[in-house]
Amino acid sequence: MKFSVDKFRHFEKNHHKPRSCYQNIPVNYRIIRDAPLSFKKIIPMKPTIAEKILCWFDQHGRKDLPWQLEISPYRVWVSEIMLQQTQVTTVIPYYHRFMTHFPDLESLAVAPLDDVLLHWAGLGYYARARNLHKSARLIHQLGQFPTSLDALITLPGIGRSTAGAILSIAFKQHQPILDGNVKRVLARYHAISGWTGDPKVERELWRLSTSYTPKQRTADYTQAMMDLGATVCTRSKPACPHCPIQADCLAHKNALTQQLPTPKPKQTLPIKECILTILMDQHQNILLIQRPPSGIWGGLWSFPEFSSLDDSLGWCVEQQLPVLESQILAPQRHTFSHFHLDYTPVIIKINNLNNNVMEANTRIWYKAAEINSLALPAPISRLVQQYIIENV
DNA sequence: AACTCGGGGAC
DNA sequence: GTCCCAGAGTT
């Protein structure tokens with residue numbers, strides 16, 4: 001393969017060279033600085049947890065994820081928000097699209113919220129997008145990205161762990177994190193039982209994370225811990241033989257990796273039912289309503305929702321929309337973190353005699369073929385694909 | 001301390 | 001189907 005100058009520059013710029021775990025000193029050795037001169041030599045020493053993990057990261061960690069390439073506070077911040085409760089492989093395409101559309105802080109700050117939500121649609125937890133947008137305007141107003149823990153935590157959407165990640169990765173500060181990965185690694189390493197969301201367990205894990213976070217190479221350590229949890233110390237079937245701290249891991253030693261961390265105490269989810277009304281007029285326009293800014297699918301566009309078919313037909317009568325025909329479709333289930341939603345889609349074809357009725361800015365008749373340019377929840381987007389696009 | 005926020009990957 | 005993920009905000 002021809003190795004062009006440009007490719008070489010790209011390689012040189014982006015490829016992280018493996019680094020020694022301890023600067024210029026070989027692994028597993030350290031200088032005793034206060035020793036008498038005659039003894040002031042390199043002596044063998046047991047490597048710390050951080051050193052072992054950094055060594056592993058240098059050899060096996062992922063160092064070319066999109067947000068690891070051109071590191072800036074803005075890019076790290078956006079990635080950390082997207083990665084909250086969302087896996088890396090899910091985030092990557094969204095991150096690329098988002099960065100193309102909002103390449104820097106200012107472009108995000110001046111953008112309308114609807115535009116931000118549109119590029120977030122499908123990723124879930126939409127409060128993250130609203131908070132991201134709100135924070136972008138706050139930071140833009142400040143004139144510079146906050147660089148202290150307290151200032152960052154003040155911003156909506158940034159908690160202690162995300163603040164720690166931003167400060168350590170983007171600003172090279174000595175700050176710990178405690179995300180799901182770090183919780184799992186530490187809970188196993190120390191064989192700590194109890195749900196890691198329990199405040200009591202969480203306090204202990206913060207204490208441990210703080211004590212292990214090194215002052216040198218904090219950014220790499222932060223990435224390393226998350227990567228270790230995501231690729232080796234996984235929830236199911238952890239790859240213990242590849243783990244750099246397996247030797248002292250209490251869970252591994254006691255065959256407890258499968259029981260730890262303790263799963264969240266489960267509750268049986270309540271079931272809610274509704275009718276989702278796909279209202280189509282004679283010009284094949286579809287009625288969409290914008291949901292309230294907070295709550296389920298906050299700010300996104302959806303179909304009118306009713307508790308029964310009678311209610312939805314009755315509503316059409318109220319709105320003076322003569323029903324031509326209605327077709328009940330197969331019910332589907334969407335599961336949220338705290339309840340099941342069993343929804344029955346119904347296509348109601350109506351004769352829209354009066355377009356002026358629908359001019360409130362939370363209601364809109366949209367051309368069927370163009371609905372996808374709105375911010376839709378995933379189940380709604382799915383219905384559009386299933387029942388609308390093919391009919392037009 | 002308990003609830004509220006999604007969507008999808010892994011199993 | 002279930003569990004849970006680079007968590008944070010609200011009450």
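Reminder, nothing fancy here: chain letters follow the sequence lines and each chain counts from 1.
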Check the interface with nucleotides 9-11 of chain C: list each N/O to N/O pair with the protein under 3.5 Å, or write none.
residue : atom : partner : partner atom : Å
dG9(C)  : OP1  : G157(A) : N            : 2.6

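- Each salt bridge (charged side-chain N to carboxylate O under 4.0 Å, His left out) pair with one or both residues in residues 164-183 of chain A, not counting sequence neighbours, appears once here: K183(A)-E202(A).
- Judged by distance alone, the side chain of R188(A) and the main-chain N or O of A251(A) form no donor-acceptor pair under 3.5 Å.
- A cation-pi arrangement is found for R160(A) relative to W206(A), the charged atom lying closer than 6.0 Å to the ring centre and inside a 45° cone about the ring normal.
- Nucleotides of DNA chain B lying under 4.0 Å from heavy atoms of chain A occupy a range whose first and last members, 5' to 3', are dA1(B) to dC11(B).
- Residue R333(A) is the one, among Y125(A) and R333(A), whose nearest nucleotide of DNA chain C lies closer to the 5' end (criterion: closest heavy atom).
- Contacts between residues 226-236 of chain A and DNA chain B, counted as heavy-atom distances below 4.0 Å, involve R235(A), S236(A).
- When distances run from any side-chain atom of Q84(A) to the nucleotides dG7(C), dA6(C), dT2(C), the shortest one goes to dG7(C).
- Think of L260(A) as one node in a network of Ile, Leu, Val, Met, Phe, Trp and Tyr side chains linked at under 4.5 Å; its network also takes in L256(A).
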Report, one line per pair, each donor and acceptor closer than 3.5 Å where one atom sits in a side chain of residues 118-129 of chain A; sequence neighbours left out.
residue : atom : partner : partner atom : Å
H119(A) : ND1  : D115(A) : O            : 2.8
H119(A) : NE2  : H101(A) : ND1          : 3.2
W120(A) : NE1  : G124(A) : O            : 3.1
Y126(A) : OH   : G122(A) : N            : 3.1
R128(A) : NE   : Y125(A) : O            : 3.4
R128(A) : NH1  : I81(A)  : O            : 3.1
R128(A) : NH1  : M82(A)  : O            : 2.9
R128(A) : NH1  : Q84(A)  : O            : 2.7
R128(A) : NH1  : T86(A)  : OG1          : 3.1
R128(A) : NH2  : T86(A)  : OG1          : 3.4
R128(A) : NH2  : L123(A) : O            : 3.2
R128(A) : NH2  : G124(A) : O            : 3.0

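- A donor-acceptor contact shorter than 3.5 Å is absent between the side chain of S161(A) and the backbone of I177(A).
- For Q141(A), the CD atom counts as loosely surrounded, since its 6.0 Å shell holds 12 or fewer non-hydrogen atoms of other residues, nucleotides or ligands.
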